[in-house]
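Below is one structure, written out as structure tokens; comments come after it.
Chain letters run A, B, ... following the sequence lines, proteins first and then strands; every chain starts at 1.
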Amino acid sequence: MEWKEQYGGLILKQMRRLGESVDWSREVFTMDEPRSRAVATAFVRLYEKGLIYRGHYVVNWCPRCLTAISDEEVEHEESETLLYHIKYPVAGTEKHITVATTRPETLFGDVAVAVHPKDRRYAHLVGKTAILPFARREIPIISDEYVDPKFGTGALKITPAHDANDFEVGKRHGLEPVIVLNPDGTLNAQTGDFAGEDRFAVRKKIAEMLADRGLLARTESHRYSKATCSRCDSVIEPYLSRQWFVKMKPLAEPALQAVKKKQVKFFPARWTKTYGHWMTHIRDWCISRQLWWGHRIPVWYCGDSACGALTVAVDPPAACGTCGKGGLMQDEDVLDTWFSSWLWPISTLGWPEETADLKRFYPSTFLVTGPDIIFFWVARMIMAGIEFRGEPPFAHVLFNGIVRDPQGRKMSKSLGNSPDPIAVMDEYGADAVRFTVVYLAPLGQDILFDAKRCETGKFFANKLWNAARLVKMRLADTDPRKVKDGQLALTLADRWILSRYANCVKDVTRNLKTYRLSEAAQALYQFTWHEFCDWYLEMIKPRWTPAADGSLPDEKDALTARVVASRVLDGILHLLHPFMPFVTEEIWQALPHTGETITTSAWPKAKKAWFDSEAEEQVQFLQEVVTAIRNMRSEMNLPPAKVVNAVVRADGDALKALEANRATLGPLARVGEWTIGPEAQRPGVAASSIVRGMEVWIPLVGLIDVAAERIRLTREADKVLSDLEGTKKKLMNQDFLSKARPDVVQREKDRLEVLDQTVVKLKKALEALRA
RNA sequence: GGGCGAUUAGCUCAGCUGGCUAGAGUACCUGCUUGACAUGCAGGGGGUCACUGGUUCAAGUCCAGUAUCGCCCACCA
């Protein structure tokens with residue numbers, strides 16, 4: 001209980017700090033009374049259905065934990081060991097039969113030597129007996145299909161108590177198993193002089209002694225998969241003991257169907273294959289543990305040896321269910337922790353009582369977890385849900401990637417490579433950590449996590465904070481909620497940001513629906529920073545920034561900017577809220593808002609009217625012009641403070657767009673005077689750039705670095721020429737023209753035209769420099 | 001032995017339905033005390049998309065195979 005307070009408390013603290021959205025009033029503990037009752041009830045019901053049984057079997061035994069563990073708790077690792085070829089003398093002859101084993105120390109537990117029935121090499125020995133070295137026991141030489149004649153010597157020592165397959169072979173031949181190990185992995189009294197010594201020490205010693213007696217034919221190195229305990233890393237011993245098991249096949253079948261029929265859907269879908277494979281090859285689940293911590297097995301044994309019956313019950317029975325006598329003893333073992341975990345979806349809702357919660361909340365919509373516990377937990381929850389409630393506990397399962405350290409290793413206590421989440425949050429902030437981790441983790445992909453990467457989220461939060469600060473400041477005492485659409489006059493920039501925003505809403509919402517959280521986060525990051533902040537907030541500065549005397553260029557225009565900016569910001573806050581709950585709530589509260597908390601306010605919707613491809617197209621063009629001018633300025637080493645003039649030769653829509661947005665473009669490109677028109681001429685010495693086939697010049701008398709400009713233009717021309725070549729090639733291809741989609745063909749044609757013009761004009765610009 | 005993932009800029013990775021003239025963050029170079037933000041702004045260099053074949057008008061994207069790394073499963077001593 002102390003342990004629970006300490007570590008359970010830490011996890012809860014981390015959850016609160018991370019801002020997890022949790023109903024804290026429903027916190028329960030796996031060992032509390034209602035949950036214990038659920039566990040006992042499940043056991044009793046399965047027992048009564050004949051799905052739980054007790055028996056002697058070879059199980060995975062951990063000599064350090066001193067308990068049986070399930071197959072899932074065993075880890076396998078490719079490893080190298082020695083394969084010992086040991087000669088067993090054949091009784092009554094001078095001959096030997098040589099067996100191959102990796103564990104010579106278990107020879108004391110041998111009860112037979114087996115060969116394949118069709119193996120001619122050994123046919124004459126079947127029926128004879130072999131003499132076990134040291135043990136002075138004779139054991140039969142038998143034949144069994146199980147033996148692989150091609151492995152080792154083709155003769156197999158049979159040790160039923162310490163090998164699951166040998167156990168089966170032994171059973172077929174009516175051979176009594178001999179246990180030679182103590183629970184702690186030392187040899188037992190069966191082994192005479194070796195009793196009390198560790199299995200690995202004995203292995204070495206036996207090998208030496210066999211060699212001394214000429215009974216060790218040879219050793220060879222052998223690759224095998226080493227089985228270790230997932231908790232303590234000790235080498236697992238197959239060990240014959242009495243344990244409780246759950247019969248899995250009947251439970252697995254409906255659970256397998258539920259996933260096949262998409263009643264339960266996995267994200268990413270590939271895990272359904274893993275699940276399906278495991279479910280089809282499932283083996284019975286060993287649920288008893290020889291530990292002190294856990295739910296006791298709800299089984300009582302009659303104290304009367306004449307009766308000896310067992311009573312299985314949820315509540316401790318007063319008397320034996322068979323003979324009615326008292327003095328019952330409860331089973332000493334406890335249950336595998338997963339035996340309570342698999343009931344989690346129902347036990348937390350009050351099962352086995354038919355509670356209101358259970359009726360209302362079962363089944364739930366989805367589960368988030370790691371793929372490393374798909375068998376331990378997910379599969380078993382589905383089985384338990386169907387078994388006890390008649391339907392699966394959830395519709396969707398999201399499998400997160402696993403967070404690894406920068407070297408790609410799994411976070412583990414022994415490596416000490418897992419950062420303390422609280423410390424990371426202290427350094428970067430909870431929102432930053434949340435955002436960064438989601439941003440970095442594509443659906444189901446493991447991520448290499450370095451705390452330093454949380455800068456991404458931290459800087460982003462800072463950016464958002466400052467953008468909000470600007471909006472709040474410029475909003476002055478305007479309350480955008482009270483402004484009617486009719487009071488607004490949307491400019492191109494406004495239409496553009498609303499359109500981009502609508503796209504962003506669509507994108508984020510769609511990605512969230514399919515659990516592509518990282519893509520949703522990236523879309524938000526991109527939109528917020530590089531469209532809303534970098535462009536929109538810059539574009540509207542001339543409109544809503546008051547002069548020194550507090551006056552605005554145009555009241556209606558300023559109002560429109562205020563309303564659009566604050567609406568888009570409000571939308572961003574909502575979309576971002578699941579990723580960064582703290583900072584978004586804080587900002588939202590500081591701005592005019594409706595409702596108590598952003599958490600429960602409505603999720604943004606993209607209004608159809610906002611999608612405006614014309615505005616997007618036009619602004620994109622203007623951005624290209626601005627970028628071209630910035631590029632020229634930068635390459636010509638013109639300081640940002642230096643205001644220059646610009647000349648653009650343009651006509652048609654381009655001309656209109658430029659004319660209409662002079663005031664917006666000026667500050668962005670730091671251009672003072674614009675000369676725009678179809679007849680505009682290169683102004684003598686100038687830097688030039690071609691945007692969509694139109695020439696843009698910056699007159700630079702006395703300022704231009706001719707050599708630098710020539711290099712820049714040449715580089716530009718090279719790139720355009722190679723693009724041009726590719727495009728030409730495509731358009732000369734008859735198959736392309738006839739088979740490609742018409743819009744694709746048209747796009748290539750348009751591109752060709754623009755590129756052609758660009759090349760011509762770049763060449764002209766280069767010539768002009770020569771003069 | 002089976003299954004699954006990964007292989008794209010120096011590094012960490014996006015790129016879902018094939019149209020990419022291949023992106024982001026970071027690192028790097030240049031210039032900026034531009035009245036929200038130097039946790040910032042602007043500009044720039046940097047990639048034969050592991051390899052080999054195939055399908056297609058068109059492949060980072062689809063198919064087959066190969067290689068390397070990683071994970072999971074499997075009762076061959």
Whether [X] contacts [N] is assessed here as follows: a side-chain N or O lying under 4.0 Å from the phosphate OP1 or OP2. Is that the case?
X      : N      : value
A:K463 : B:rC41 : yes
A:W271 : B:rC71 : no
A:N637 : B:rU30 : no
A:R630 : B:rG43 : yes
A:R103 : B:rA77 : no

At 4.0 Å (heavy atoms only), tell me whether [X] reaches a base, stays on the sugar-phosphate, or touches nothing.
X      : result
A:A164 : nothing
A:P639 : nothing
A:N165 : base
A:F375 : sugar-phosphate
A:H530 : sugar-phosphate
A:K541 : base
A:D166 : nothing
A:E725 : nothing
A:R747 : sugar-phosphate
A:R633 : nothing
A:K273 : sugar-phosphate
A:K150 : nothing
A:N733 : sugar-phosphate
A:T627 : sugar-phosphate

Encoded 5' to 3' (Watson-Crick or G-U under 3.5 Å; [ ] crossing; | other strand), RNA chain B becomes (((((((..((((.....[...)))).(((((.......))))).....(((((..]....))))))))))))....
Side-chain heavy atoms of A:R434 within contact of A:F579, under 4.5 Å:
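Not touching, per the 4.5 Å side-chain cut-off.
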If you only use heavy atoms from C-beta on, which nucleotide in [options] is closest to the side chain of [X]?
X      : options                : value
A:T456 : B:rG31, B:rG25, B:rA36 : B:rG25
A:A740 : B:rC57, B:rC76, B:rG43 : B:rC57
A:H76  : B:rA74, B:rG5, B:rC37  : B:rA74
A:E635 : B:rC4, B:rA77, B:rG43  : B:rG43
A:D534 : B:rA42, B:rA36, B:rA77 : B:rA42
A:R751 : B:rA77, B:rG19, B:rU21 : B:rU21
A:Y439 : B:rA24, B:rA36, B:rC13 : B:rA24
A:R510 : B:rG31, B:rA74, B:rU17 : B:rU17
A:K739 : B:rA36, B:rG25, B:rC57 : B:rC57

- Taking atom C1' in both B:rG65 and B:rC57, compute the distance separating them and give it to the nearest angstrom. 26 Å
- Task: Check each of A:H116, A:H222, A:H85 against A:F151 using the ring-ring contact (aromatic ring centres under 6.0 Å, His included) test, and report the only one that passes.
- Result: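 When A:H116, A:H222, A:H85 are each tested with A:F151, the ring-ring contact (aromatic ring centres under 6.0 Å, His included) holds only for A:H222.
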Next item on the list: Take A:D119 and A:R121 through the test salt bridge (charged side-chain N to carboxylate O under 4.0 Å, His left out) and record every step on the way to the result.
Entry: CA-CA 6 Å; A:D119 194 332; A:R121 294 171 296 176; 2.7 Å; yes
Is it true that, when you exclude A:E586 itself, more than 12 heavy atoms of the residues, nucleotides or ligands shown sit nearer than 6.0 Å to its CD?
no
Is A:R283 close enough and on-axis enough to A:W278, meaning under 6.0 Å and within 45°, for cation-pi?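 Pair A:R283/A:W278 does not count as cation-pi.
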